[in-house]
Amino acid sequence: MSTSSQSAHVQTDIITLTRFILQEQAKVTSTTTGDFTLLLNSLQFAFKAIAYNIRRSTLINLVGLSGTANSTGDDQKKLDVIGDEIFINAMKASGKVKVIVSEEQEDLIVFDNDGTYAVVCDPIDGSSNLDAGVSVGTIFGVYKLRGNEGSIKEVLRPGKELVAAGYTTYGASANLVLTTGNGVNGFTLDNALGEFILTHPNLKIPSSRAIYSVNEGNSFYWPEGTRKFFESIKFPEDGSKPYSARYIGSMVADVHRTILYGGLFAYPADKKSKNGKLRLLYEGFPMAMIIEQAGGSAINDAGERILDLVPTAIHQRSGIWLGSVDEVAKAKKYLDLN
């Protein structure tokens, strides 16, 4: 093969995450401060560091429990603690973040700086699957501060006020899905280059797909409407084909698959978890923003839009239904029965 034909198969005009953000900022205004770009650079460093530690966790004995529980009562894995420290230190080092809320911390953290952003995060979502090598991830949301005090009021705000949200999956590859309120784009970490590369531009979730993702082990505790909805798609009375079940047990992995293929992801409240299990601020809000920006829908057990809700506590829980608009609409018809 000639040199010219070989070079024709090599991508030389690569769009990295940093390049993408700079280009997007230039579209909006020519007077940007660069603060948001620096924040995203610190975020992507945290993702790279967490991905690196997860890949080598079994080799350096980072598997298993740390012997502690986090703020919401979940047993912490060793990597939960390490991932939390990586994330907090990266946000502090950026100098642009004033407030951070982490699932692993009982209270919010306020840095002594002039930062103008608040970041909410679940550093390693799905960590109960870590020792089995199942995909886990990081979920995050970003608020622009309204003042400079760094109080809890800066994060107890509706999800629709987020200026950015995203998640990173750590599996066969590290995939970053990001929205800054102008659509959704997916990036894949190129380990050789050490850069997140744009691989899934302008992601759109299909409007319908006969796939559902839910922990059916909780069906004994479900309220009537929830139970009847899932019965209706598993045992359709009109003779149509039943829905396919796809449940991984890691929210990031389940939502990522739902965005790519379509369908419905749900973690409803039940008799065991009366307020729901997923945290609204740093799981529900970011995922709802991503789903809506990709053309989907996200509601709670009352059929209310997730992004319109206002949390009263940083670790508040909620039932969550999100995915393709048609599938969420079907579920909503049954939620009134709960």
Distance from T116 atom OG1 to K96 atom NZ, nearest 0.5 Å?
->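 The distance works out to 7.0 Å.
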Is the side chain of [X] donor-acceptor paired with the backbone N or O of [Y] at a distance under 3.5 Å, no angle test?
X	Y	result
T179	G183	yes
Y143	R157	yes
K277	A269	no
S42	L38	yes
N218	Y221	no
N113	K92	no
E154	G150	no
D190	G194	no
T169	G137	no
E283	D122	no

Could you check whether the rings of Y212 and F230 sit parallel, tilted or perpendicular, using 30° and 60° as the cut-offs?
->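 Correct class here is tilted.
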For the pair Y282 and H315, name the ring-plane relationship: parallel under 30°, tilted 30 to 60°, perpendicular over 60°.
->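 Y282 vs H315 ring planes: perpendicular.
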Find out if a path of hydrophobic residues (ILVMFWY) with successive side-chain heavy-atom gaps under 4.5 Å connects [X] to [Y].
X	Y	value
L260	L322	yes
L280	I314	yes
F45	F140	no
L335	V214	yes
V134	I50	no

Under 6.0 Å from the NZ atom of K144, do we count more than 12 heavy atoms belonging to anything else shown?
->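 Yes, NZ of K144 has more than 12 neighbouring heavy atoms, counting only those of other groups under 6.0 Å.
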Is the CD atom of E216 crowded by more than 12 outside heavy atoms at less than 6.0 Å?
-> yes
Report yes or no: do [X] and [Y] form a side-chain donor-acceptor pair below 3.5 Å?
X	Y	value
T180	N182	no
D84	S102	yes
E224	N338	no
T18	E195	no

Between R209, E327, K330, which is the residue that forms a side chain to side chain contact (heavy atoms under 4.5 Å, CB included) with L264?
-> E327
Give the intermediate values and the outcome of side chain to side chain donor-acceptor pair (under 3.5 Å) for residues D254 and S213.
-> CA-CA 7 Å; D254 280 310; S213 176; 3.1 Å; yes
Answer whether the closest heavy-atom distance between the side chains of R227 and S219 falls below 4.5 Å.
-> no
Should V119 and V99 count as side-chain neighbours, where that means a heavy-atom distance under 4.5 Å?
->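 No; the side chains remain at least 4.5 Å from each other.
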Candidate list N175, N53, T138, test side chain to side chain donor-acceptor pair (under 3.5 Å), partner Y170, passing option | T138
Are the aromatic rings of F47 and Y52 close, with centres under 6.0 Å apart?
-> no
Is the F187 to F20 ring centre distance short of 6.0 Å?
->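 Yes; F20 has its ring centre under 6.0 Å from that of F187.
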